[in-house]
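Working notes, beginning with the structure itself.
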Amino acid sequence: MSRREGSPEDPQADSSVSPLTHLEAKIRQTQSLARLLSKYAEQLLQEYVQHQGDPFGLPGFSPPRLPVAGLNAPAPGHADLPVPERLRLDALALEALPPLLDVVRRLQAELNPRAGRLLRRLEDAARQARALGAALEAVLGALGAEPRGGPRPEPAAVAASAASAAAGVFAAKVLGLRVCGLYREWAGRAEADLGALGPGGPA
Amino acid sequence: MPAGRPRPAAPGPPAPPAPLLGLLLLCALGAPPGSRAHTAIISPQDPTLLVGSSLQVTCSVLGEAPGTPAEGLYWTLNGRRLPADLSRLLNGSTLALVLSNLNGSQQQSGDNLVCHAPDGSILAGSCLYVGLPPEKPFNISCWSRNMRDLTCHWSPGTRGETFLPTNYSLKYKLRWYGQDNTCQEYHAAGPHSCHIPRDLALFTPYEIWVEATNRLGSARSDVLTLDILDVVTTDPPPDVHVSRVGGLEDQLSVRWVSPPALKDFLFQAKYQIRYRVEDSVDWKVVDDVSNQTSCRLAGLKPGTVYFVQVRCNPFGIYGSKRAGIWSEWSHPTAASTPRSERAGAGGGCEARGAEAGAGPVRRELKQFLGWLKKHAYCSNLSLRLYDQWRAWMQKASKGRQQHRARAACPRAEGARREALPDKL
């Protein structure tokens, strides 16, 4: 009979292994979700630029990276932060995305009414971002970290975004490009940050 | 098309309450230091124009910049840089562009006209909508499936493309009373179609028309008046079975059931059958299968797989005088004719012997066979005689002299029953 670590007859050993294993499984699941949504976000971006026309899909196209009210791109020093803090920022960003994606979907419904697949992808993206944000908060809760450290996105942020889009069709197209790009960035960021939670997990 | 001012947009983009304020808010709050992002404005914003018209548009640098900030700016349209000779400086901060004889927009979301700084960065953008007003929709045709719904489709206009998002709305009302209704379920049967699923009246005419609208105008089709009962179609006949007719090598029997959805209504159904050889794309059609649920195909090739389909036309429903609308074809059903027993002999001894024995009677029968093969239709009298003759021929080909002596008038009953398992 081979030796095994942790005798199956030792209940104390079982209860100490089980929660950590559960947490690890949760982290891996959430990371898989983030990986999948990163791929969907990339597809959404490709679909989006196709329907806006050139130069949106051209290589080298660089519209002004204006900040979207209520949501920023990951800061340059994001990767240097402690992992729980990174995950907290990821969760905040993903929570801010759904209303912005809804604004983009409404704008695109007027600009590209026949682009059924694009409109469905935008609708799905809002649900996906919400789901990933909730999964990240669950991981943070399991880690014992404070899930929300900052103010919730203000409804005015969404109104400001809508107003800036109302400044013209080109601005609306750029706004949508920016929001879809932010979704891709934050989904990818969440996948990387979850990967930083090694098998041992943070102390 | 003469050059002129752009037409004002019909139902264009919604008028923004404070577009410039919103844009400036973003610029003040968000423009990174040292960048010129969105520090200009294009006028007019998002104009709508007719194909072939001309447009003058300006890019004005905002703020108080020293020197001639508009110098060095350039334009792109859908990502392509426009020739410099189309632009001119109106003043130190404004660059104008004149576009002539515009083509229809490349995408429905509008052509992207962008004002660039000398380093290529984007200062401002505007979307041009260049197109045509909708043409009058025409050729509306409608059908009702089992009197339960109504589907209509139409043609958008002879010109086709308007280059602008164009909305088509199917409207309908009861001719003598009632309000206008708008169909909700579009693209049910193609891009220009709509489906009305319920709440339709019978024995009273409807008026149906299509309205087309885009940024440059609207158009309305002629009104089509119809009674639901005049445009009824139904499901394909179910339970289509194809089987051999005993050993007859050139016949197949086709049976089906009348569509159950209309079984409670009085109508005279017409059916059509089509069939083809397995490896062919050419269908042969059998018309005039009136109010029957079986038919026999004749003149087929022996030892061959055939695909058969049936469809139904419920004409005359509730006394309607109209021709009715054919259903879709049933799913293909396959069957094979028996192999020819004489084929292997290659016209060999038994056949030659038979010819020598029958003489002029056989030649006449062969001519009769040839004539029947040209007319593969369901004719009761012809087929009965033909079957009798065929059954007799098959027995004769097995080398029985006593059958050859009766070539003109085969003993009927037993042979007929063998050859004719179906009633005609």
Side-chain angles (χ1 to χ4, degrees), chain A residues 47-73 75-76 103-104 106-119 156-179 182, chain B residues 11-27 29-32 35-39 41-48 76-81 105-117 119-129 165-167 186-187 191:
Chain A
E47 183 95 30
Y48 183 85
V49 298
Q50 275 178 21
H51 286 286
Q52 312 317 306
D54 290 338
F56 281 83
L58 294 180
F61 176 60
S62 180
R65 280 177 67 92
L66 296 174
V68 174
L71 180 63
N72 295 321
V103 168
V104 173
R106 282 198 296 273
L107 291 169
Q108 289 298 308
E110 288 188 25
L111 293 179
N112 289 295
R114 292 190 207 165
R117 193 167 63 185
L118 172 63
L119 298 176
V158 176
S161 298
S164 71
V169 174
F170 188 80
K173 292 184 178 184
V174 171
L175 172 71
L177 180 70
R178 189 82 179 104
V179 170
L182 285 168
Chain B
L20 183 55
L21 181 61
L23 192 55
L24 285 176
L25 182 66
L26 271 183
C27 294
L29 294 177
S35 90
R36 301 179 62 179
H38 269 214
T39 54
I41 189 162
I42 292 178
S43 180
Q45 272 286 310
D46 311 331
T48 303
T76 59
L77 181 62
N78 290 327
R80 297 175 72 177
R81 187 162 180 163
S105 287
Q106 286 191 9
Q107 55 268 342
Q108 299 231 318
S109 59
D111 293 322
N112 298 308
L113 181 67
V114 179
C115 177
H116 295 262
D119 64 357
S121 59
I122 293 173
L123 298 179
S126 177
C127 287
L128 311 184
Y129 292 89
T166 300
N167 182 53
Y186 288 87
H187 317 302

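Throughout, a chain's letter reflects where its sequence line sits, starting with A, and its residues are numbered from 1.
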### Query
Looking at CG of B/N78 and CD of A/Q52, how far apart are the two atoms once the value is rounded to the nearest 0.5 Å?
12.0 Å
### Message
Does any part of the side chain of A/H51, heavy atoms only, come nearer than 4.5 Å to the side chain of B/Q107, both counted from C-beta?
### Response
no
### Message
Taking the side chain as everything from C-beta on, heavy atoms only, tell me whether B/I42 gets closer than 4.5 Å to A/F170.
### Response
no
### Task
Give the minimum heavy-atom separation between A/V169 and B/D46, together with the two atoms involved.
N-OD2, 2.8 Å
### Query
Are A/K173 and B/C127 close enough that some pair of their side-chain heavy atoms sits under 4.5 Å apart?
yes
### Query
Are side-chain heavy atoms of B/N112 and A/P55 found at a separation under 4.5 Å?
yes
### Task
Heavy atoms only: give me the nearest B/S109-A/N112 pair and the separation to one decimal.
CB-OD1, 3.6 Å
### Task
Working to the nearest 0.5 Å, report the span between CZ of B/R80 and CG of A/D54.
9.5 Å
#### Entry: Contact origin within A/P113 toward chain B - heavy atom pairs under 4.5 Å
side chain
#### Entry: Contact origin within B/Q108 toward chain A - heavy atom pairs under 4.5 Å
both
